[in-house]
Amino acid sequence: MASLVDALPRLRRRSGRRKGQGADIIQTIALVCAVLLAGGALLAPWLTPFDPLDQSLLARLRPPIGFDRYAAGHLAGTDELGRDVLSRSLHGLRLTLALAFAGAVIGLLIGGLLGLIAGQRRGWVEDGIMSLVDMQIAIPFTLVALLVLALMGSSLTVLVLVLGIAGWEQYARIVRGEVRRIAAQPYLEAAHTAGAGPFYIAWRHVLPNLVSPLVVQFTLSLSNIVILESTLSFLGLGVQPPQPSLGSMVGLGRDYMPTAPWIVLTPAALIVVLTFTVQILGDWLRDRADVRLRER
Amino acid sequence: MTPYLLRHVLKAVVTLWAIVTVTFVATRLSGNPIDTFLGEGLTAEGRQALIDYFQLDRSLWHQYLAYLRGVLSGEFGLSFVDRRPVTTVVAERLWPSGQLLLSSVALTVAVSLPLGVLAAVYRRSWIGSAVMVVAFTGYAVPSFVLAIVMVLTFSYWLNWLPVVGNGTWLHFIMPTIAMSGVLIAALTRFTRNAMLDVLGQDFIRTARAKGLRETQVVLKHGLGNASITVISVLGLQIAGLAAAGSVVVESIFSWPGVGQMLVNAAILRDYPVLQFGVIAVAVAVVAINILTDIAYALADPRIRLARA
């Protein structure tokens, strides 16, 4: 185990030759989608000429390009207040991705820390943390999220915290398992014998081993968080109007589905493309890193 | 077997206590519950009555004990919206949710077991890949997107299926499919993995060697043994996923069940209903988990016959 930097090439080196060509094409498509989605989200304010909150009463419920009554410039049509659907979708994507990343980072920090503690300290501390993990698995988290958001109001801060707590137990299990596995390795004993301190060992030996499983878990959890966030926003408990999020656009556009399905279909399609892309990339990373994440 | 069960019951009790505590902490974290829930339109006396009722002038610890006592004696208060006991409000919604859950689990088992077995037996051919693509899709498409797309297609464009309510069997089709999407994905994956594990065992080779037909090997010896794992997944994963799914699906299809009630209560800030609803669903999930553990123990002779 040399250093932290070595772990990333390791992800790359074990490139899976086991999979056939079909899988490679799918992964290439997913990579292209990932670049497009990330680009669209980052550049949302510059990609569309319309402000996502600008209403135009003269151009309400206009269909996308190619249909009758298309309003020039509004490529994906307009919603019931004459707001540009494409611009709202891209800004919604931006917010959804930002929330998902923030939530995943919070989950990583909480879970990683607790997993580290559980792995290094045995006894009641470990038992306590692991029974917290078991509880988190047993409790349907969407319901807890409903309760918390209803009670504390759906500000973005609360939402991010809820999304962060949603997936911490996966990180905790991975980190604890890895820490315990590494603790039994001869090189760790050698490091101890050579007089290495706990921080040196953690930085030099434990952390590099954790990088690839955590990168994989981070990617996989992103798609779960995207689904949770858009579901909560869809139900009206996540991102609040007028701020657009993909989920809330689908939720609010429901009322106009019979006459103006494009309001719902554009954000819904983006959600599906996003979750597919992230999951394919996550699975791909997992195969490459050859990490045996425990499935339940 | 008794120590095994005792351990699981104990774990379930601790989990339930944790849920009850989480609901308490969540309400008190947001400040004075009265100001949060009934901000406007509260007279001085009404306010005082609520303070007395929740014992808000006492210490947090005292409030917590009073709350626990209420939970244990089955007192959960009245709904803020229609002033009826929350236990009644939840009870009358149990059966519709149960119906939807049963039909979804039935569909899931009917689809996932064959698909999972197929994917395991034909894992090197296109059949196996196709099945895994289906499972993957179930994971990636959120249930509300699936539901919305179905409503658009089958209700608004084709005019085949009704959207709102649970009157006829036609009303069951779309909600059941929307609920089952993620369940099918989960169960297919686990059936496949369990079958792959079992089919690699020695007794399968023995069964083939003694001349059994392949269908008998796969179904009786393979699926028979894999079903132990599958049952445990069915209980552990599906209860949680279904609880989450019912919230979304019931509110889309105006299904008069617990899930729709929870969303409405969350939006209206009907906090007693929400609190009891979350506890009730959690009890249901934990109960299903325990039943699963018992079923698991009964199905697995290594646990059934173990003496501790």
Side-chain angles (χ1 to χ4, degrees), chain A residues 20 22-23 26 131-132 134-154 158 223-224 226-237 246-247 250-251 253-254 257-259 261 264-265 267-269 271-280 283 295-296, chain B residues 11-12 14-15 18-19 22-23 26-27 29-31 33 36-37 129 136-137 139-145 148-149 151-152 155-157 182 189-190 193 233 236-237 239-245 247-248 251-252 259 262-263 265-271 274-275 277-278 281-282 285-286 289:
Chain A
I26 290 174
S131 51
L132 275 181
D134 285 345
M135 278 177 214
Q136 176 89 15
I137 293 169
I139 300 171
F141 190 76
T142 311
L143 299 185
V144 177
L146 276 188
L147 185 73
V148 171
L149 287 169
L151 289 168
M152 308 186 65
S154 340
V158 178
S223 95
N224 289 337
V226 165
I227 290 180
L228 179 63
E229 186 275 327
S230 52
T231 302
L232 290 171
S233 297
F234 171 82
L235 293 172
L237 292 159
L246 294 177
V250 177
R254 255 197 302 170
M257 267 201 309
T259 50
V264 161
L265 285 177
I271 293 172
V272 172
V273 173
L274 180 57
T275 49
F276 258 103
T277 303
V278 175
Q279 285 209 353
I280 290 170
D283 273 7
E295 284 202 29
R296 278 190 60 132
Chain B
K11 219 171 93 180
V14 172
T15 306
I19 291 166
V22 163
T23 58
T27 57
L29 267 185
S30 51
T36 318
F37 309 124
S129 319
F136 196 85
T137 310
Y139 267 122
V141 179
S143 54
F144 73 93
V145 172
I148 288 288
V149 170
V151 168
L152 261 180
S155 299
Y156 292 141
W157 286 341
V182 74
R189 233 184 227 203
F190 283 106
N193 291 346
V233 171
L236 293 176
Q237 282 249 322
L241 288 175
V247 168
V248 176
S251 65
I252 291 176
L262 285 175
V263 174
I267 290 168
L268 295 172
R269 303 271 168 99
D270 191 348
Y271 136 80
L274 187 58
Q275 189 181 43
V278 169
V281 174
V285 169
V286 169
N289 285 354

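Letters go in sequence order (proteins before strands), and every chain restarts at 1. The shown structure was predicted, so the numbers you read here are calculated from the model rather than taken from an experiment.
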**Side chains of Val14(B) and Ser131(A) in contact at under 4.5 Å (non-hydrogen atoms)** = no
**Prompt:** Which heavy atom in Ala150(A) sits nearest to a heavy atom in Leu274(B), and how many Å separate them?
**Reply:** CB-CD2, 3.5 Å
**Asked** For Ser129(B), is it the side chain, the backbone, both or neither that has a heavy atom under 4.5 Å from a heavy atom of chain A?
**Response** neither
**Fill in**
Applying a strict 4.5 Å limit to non-hydrogen atoms, the region of Thr231(A) in contact with chain B is both
**Request:** Among Val286(B), Ile252(B), Leu262(B), single out the residue with the greatest number of heavy-atom pairs under 4.5 Å to chain A.
**Result:** Ile252(B)
**Item:** Part of Asn224(A) lying under 4.5 Å from any heavy atom of chain B
**Value:** neither
**Message:** Tell me which of these, Pro258(A), Gly251(A), Pro261(A), Gly236(A), has more heavy-atom pairs under 4.5 Å with chain B than the rest.
**Reply:** Pro258(A)
**Prompt:** In Å and rounded to the nearest 0.5 Å, what is the CZ to OG distance from Phe234(A) to Ser251(B)?
**Reply:** 6.0 Å
**Request:** Take Ile227(A) and Tyr139(B), measure what side chain to side chain contact (heavy atoms under 4.5 Å, CB included) needs, and give me the verdict at the end.
**Result:** CA-CA 10 Å; Ile227(A) 290 180; Tyr139(B) 267 122; over 6 Å; no
**Item:** Toward chain B, the part of Ser230(A) with a non-hydrogen atom under 4.5 Å
**Value:** both
**Item:** pair Val247(B)-Leu143(A): side-chain heavy atoms closer than 4.5 Å
**Value:** yes
**Asked** Which distance, rounded to the nearest 0.5 Å, do you find between the CG of Leu235(A) and the CD1 of Ile267(B)?
**Response** 7.0 Å
**Prompt:** Are side-chain heavy atoms of Leu265(A) and Leu152(B) found at a separation under 4.5 Å?
**Reply:** yes
**Message:** Before you tell me yes or no, could you show the steps for Val250(A) and Val145(B) under side chain to side chain contact (heavy atoms under 4.5 Å, CB included), namely the whole-Å CA-CA distance, both residues' side-chain angles and the distance that decides it to 0.1 Å?
**Reply:** CA-CA 8 Å; Val250(A) 177; Val145(B) 172; 5.6 Å; no
